[in-house]
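These notes are about the structure you will find just below.
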Amino acid sequence: FYLTPSQVNSILKANEYSFKVPEFDGKNVSSVLGFDSNQLPANAPIEDRRSAATCLQTRGMLLGVFDGHAGCACAQAVSERLFYYIAVSLLPHETLLEIENAVESGRALLPILQWHKHPNDYFSKEASKLYFNSLRTYWQELIDLNSGETTDVREALINAFKRLDNDISLEAQVGDPNSFLNYLVLRVAFSGATACVAHVDGIDLHVANTGDSRAMLGVQEEDGSWSAVNLSYDHNAQNEREVQRVKMEHPKSEEKSLVKQDRLLGLLMPFRAFGDVKFKWSIELQKRVVESGPDQLNDNEYTKFIPPNYYTPPYLTAEPEVIHHRLRPQDKFLVLATDGLWETMHRQDVARIVGEYLTGVHHQQPIAVGGYKVTLGQMHGLLTERRARISSVFEDQNAATHLIRHAVGNNEFGTVDHERLSKMLSLPEELARMYRDDITIIVVQFNSHVIGAY
Amino acid sequence: AARMFLRLLSDIQWRAAHPKWRRMTSSQRSTSTTAEPHPVSLPAQAQVVICGGGIMGTSVAYHLSKMGLKDIVLLEQGRLAAGTTRFCAGIVSTARPVSIELKMAHYSNKLYQQLEQETGVQTGYMKTGSVSLAQTQDRLISLKRIASSLNVMGIPCEIISPKEVLQLHPLINIHDLVGAMYVPEDALVSSANVSLALATAASRNGVQIHERTCVSHVTIQKGRVTGVETDRGRIQCEFFVNCAGQWAYELGHSGEEPVHIPLHACEHFYLLTHPLKEPLSSSLPTIVDPDGRIYIRNWQGGILSGGFEKNPKPLFTEGRNQLEIQNLQEDWDHFGPLLGALLRRMPGLEALQIMQLVNCPESFTPDMRCIMGESPTARGYFVLAGMNSAGISYGGGAGKYLAEWIVNGYPSENVWPLDLKRFGALQSSRTFLRHRVMEVMPLMCDLKVPRWDFQTGRQLRTSPLYDRLDAQGARWMEKHGFERVKYFVPPGSDLLDLDHSKTFYKPDWFDIVGSEVKCCKEAVCVIDMSSFTKFEISSTGDQALESLQYLFSNDLDVPVGHVVHTGMLNEKGGYENDCSIARLSKRSFFMISPTDQQVHCWTWLKNRLPDDSNLVMEDVTWKYTALNLIGPRAVDVLSELSYAPMTAEHFPSLFCKEMSVGYANGIRVMSITHTGEPGFVLYIPIEYALHVYNEVMNMGQKYGIRNAGYYALRSLRIEKFFAFWGQDLDAFTTPMECGREFQVKLDKGMEFLGQEALWEQKQNGVYKRFTMFILEDHDTDMDLWPWWGEPIFRNGRYVGKTTSSAYSYTLERHVCLGFVHHFDEKTGEELVVTTDFINQGEYEIDIAGQRFQAKAKLYPFSSLFTQRRRKDEVELSGYQRE
């Protein structure tokens, strides 16, 4: 049994979302033209999350992908909250005061973010009050701290990441009288999430990364070809520097047990993450919280399980690595994606596929018969296949969808094979995770004209 | 690639044919492409200089020298037959829908057949026949129409079944075919060798041929060609012939005074294969599969197959003057769909090995017909180019007609459909040409149904009322760049697809046009006829009248305010133009001609009017919007708007008066409608157009006024037996042959152009006669509709063809107009056609092979003329153009 092309398309396009930066006076003055994003679940429910928003009180746009593990609670919370923490970290002192005064006197709050959300991207209503109070505490501290210095984006990103993770941890320790909320904050803390967030303001691009999602810049060379530039480091066992960092932070006696089978303590793939208090709290704290927690938590084998060789917590941090890049006219797009994409595709292919998609130009080598012996039938087959490759581009109105189509459907020749695509998408829920991971992609397209004018 | 071309040219033996010729070129052939001194220097002067050594240039040289011209020079920038001619697929096909093209192809075929014997040059001529396949019933109808016209020309041709196709060509997959047309005498040639054979023969007849000589521009003085500048010096000449193929446009624009030759090149691809295991017989017929957009011929045991894709690639838009066509890129992805069509048609070829994909640019023209004739701006500057990929088929005939044109002043056949003067500067924009040829090339294979129209390059010339009419549901067609209304789709009507309906049967606008016709008959309709060509001719003294009296056949010395319908005849008495002329004052005339006469008529008059600064002719086409008010209530509308009496006593038929309409003054009102219906045409200075239109529509409301289009006009004029120049009338038709002796001043003792020929006809009779046919047993709903070009049979014998047709809503019958000849039953010799001959015959009209009984009439039904006026008035108004 095969899915028809239109069935395949409806699966691939279910979560696609596009945002075009609005034009004023017929001109887009932003360095960002817009973005396409999409998700393809493998887990049920999907554990990836994505966020995109425009900062309203400062300039700039925020985009992020979040890869959850041990459930989706943490990724969900981070996708809702992180951008507020970043935005607040970036706000000047006067704006913070203005906001605080508004809250104090019950006036309407200045909007901080304009979200660009797919209908399936939800926010938790129940937790909003709790989340808001934590955020308010944060800005109150920022107001008290008033350093008088202008806000540095790098620092703001680092502070926001660390602060949010800290709040997640605290909320779980304090608990909540509302039993639903109490269970929620515990699930958020005991699950984990990586985050890869980009902040674009004019030609300044910052990427803050925690974990093994990845940011990649698509660059068009002078000859029209495409190349990829990494704008993040994976925090996992393949990153030697990261392994060294973890080892540095713990006594030599633990050296052997720290990284086993390419996993942190033999358990966790990403070496940095939000949540995951099992790798951060002391054993006592973990036991106390689990025991006083609701039954559901107590019954969960995973939460009760203490990682082996757990001597000197914390083993895990949410602190991101931040890379700053000044955009150039040849930088055409940015791809943020969870590891589900990077497992299946090399970044060079990603750059080429997205680049060709966005420019509509296909650098297929023209065919020349030359001295070869080619029959009419062979040539016909070859041409039909090449046409199919091109037509798959036109099926997609969304660069992220197009990339997912390739990630899932590519055959050994690098062309989308409908049969394979159909098979991969019709796998039963319980099998899907064995063949592929959740994939979440955001493709940000830059405005070379504006960038060139800087 | 180069190796292949050597193979194509391998059997050239022309060098041995002529000693002088050999000396000149063999030395070049033996060396590489580097420049070398030319052994023969250019002459300082010649009578004719031909630019272009392809099939066209060599054919013109061949025919000119045959006709006895001695002083001819042919210049080729590269090598002979090295351009498109060299790459050409070499298929000689006579199956052409336009009659003059069919005649050219037929002549070419006969010429090529004997060329080898005549010149000793192997031409590769092989009579293989051709099979045109039909995948649909509509395609089969269009093939049947062509078959009918081939058969009456004496060219063998038959419609065959798919099974018979299989007998002719064993490789064809026939399961999707409904039928085919077999033309057994179609042939294959090596086009380069044909060209070289023609050059050889021409050279023997004294034509000087110079290769590697580049024409930089043509010098023109006082509107005449005086010479040619080349990279090897100047040649003075009387005639220049531009046969530069796809470079003809650029060459035309290279001089100080541009000669507009509207053509544009597109890439054209065909495939060559290695031989089959069992090599294909060289006598296998050529297969044309228009629904698959491909043609397939046998080639050296393998096949040659190309086609006309839906998405052509135009090239050289910016004009790149490269010496010879370089080997352009092969583009397999582009050729893919055609390859698919080829393998569907001949699945057995899957294992056949590819030799090469050839990219051979072809030049195309805005109306898919080739371009020949003399430039309207430079006398002695002739053009033959724009073959729309049928250069080999047309080459012989086109060269012959152009040679006749140069030597005799006009070809032996009516070539108006191909005349350069059907175009003007307005079709010369590169953007227009680029867009139009992208439509024209796929049209080579598209099904063409009656009244098809071009979709690209539109809205170039429009009336000031265009937007108003468009908003009211107008559907448009184009003539000479001008948008004209076909009909108006009534509001709320669910006929959005009307423009796209393609049928050989009753069209879906039938009822719409019917109601417009009814309104013309019973109330009043407005038709925007602004596209008409309008000239004003005036003088200080009597020069205008005197000159026009000689150039026009009817008497123009009429009282001021009268409108005269007259022909503009050539020496043979044939219609160069058919127009109406209003005498505005003693010394000034206002002339209305068909839309596409703008260039031709202007040139004709310019070349013949005396060079007198006191005699002024001005083209005022753009200055006036023309509204045709047709119908019995037109008189009421106009008299209410002008407060002037408009009845027949005050404003007789064929009268012209300047008056006010609404607020606008100076409107030229003529009591003439071009339909035989009562009414007026208003010539309105364009700034008043909207005002007058609004006034007419408002005032007309109570009289039931509505908009109408040209389809209604056409039905009205054809049912009244009005001939139309360009379709019914041409330069080979005289007033005597279409019952218009009363429009000729033969008995007034005045000299005029064409007079002698008409006297001769008056005394000895005519050899063809314009006749109206009413279809008798034709079912409008069920039967194929006539269009034009249908053969007419009298007592079972072919006597001529129709020239136009329309459904008459009044007679509720189809009316066809056409010419009846009288061919001697034994010798085929043309005899005088008498009234008795016309009247004493049983007639049939052949529509796509099916014959319908028809009643012949030499005079219109008097009952159709709603208002009886002066007896001669009815007849006098009896002319029409579209």
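Excluded from the calculations below are hydrogen atoms, water molecules and symmetry mates; all remaining heavy atoms, backbone and side chain alike, are included. Since the model is a prediction, treat every value here as computed from it, not as a measurement. Each chain gets a letter, A, B and so on, in the order the sequences are listed, and its residues count up from 1.
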- Item | Rounded distance [0.5 Å steps], NE2 in B/H274 versus NZ in A/K373 |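 So the NE2 of B/H274 and the NZ of A/K373 are separated by 8.0 Å.
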- Item | Straight-line distance of B/L352 CG to A/T375 OG1, nearest 0.5 Å |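 With rounding to 0.5 Å, CG (B/L352) is 8.5 Å from OG1 (A/T375).
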- Region of B/L349 that comes under 4.5 Å of a non-hydrogen atom in chain A: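 Both backbone and side chain of B/L349 come within 4.5 Å of chain A.
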- Message: So for B/P347, is it side chain, backbone, both, or neither that comes closer than 4.5 Å to the heavy atoms of chain A?
- Response: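 Nothing of B/P347, per the 4.5 Å heavy-atom cut-off to chain A.
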- Query: Does CD in B/E278 sit with more than 12 non-hydrogen atoms of other residues, nucleotides or ligands closer than 6.0 Å?
  - Reply: no
- Counting only heavy atoms not in A/Y435, do more than 12 fall under 6.0 Å of its OH?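 No, not enclosed.
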- What is the minimum heavy-atom distance between A/M379 and B/L339, and which atoms define it?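 So the two residues come closest at CG-CD2, 3.6 Å.
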- Task: For A/L376 and B/L342, work out which heavy atoms get closest and say how close.
- Result: CD1-CD2, 4.2 Å
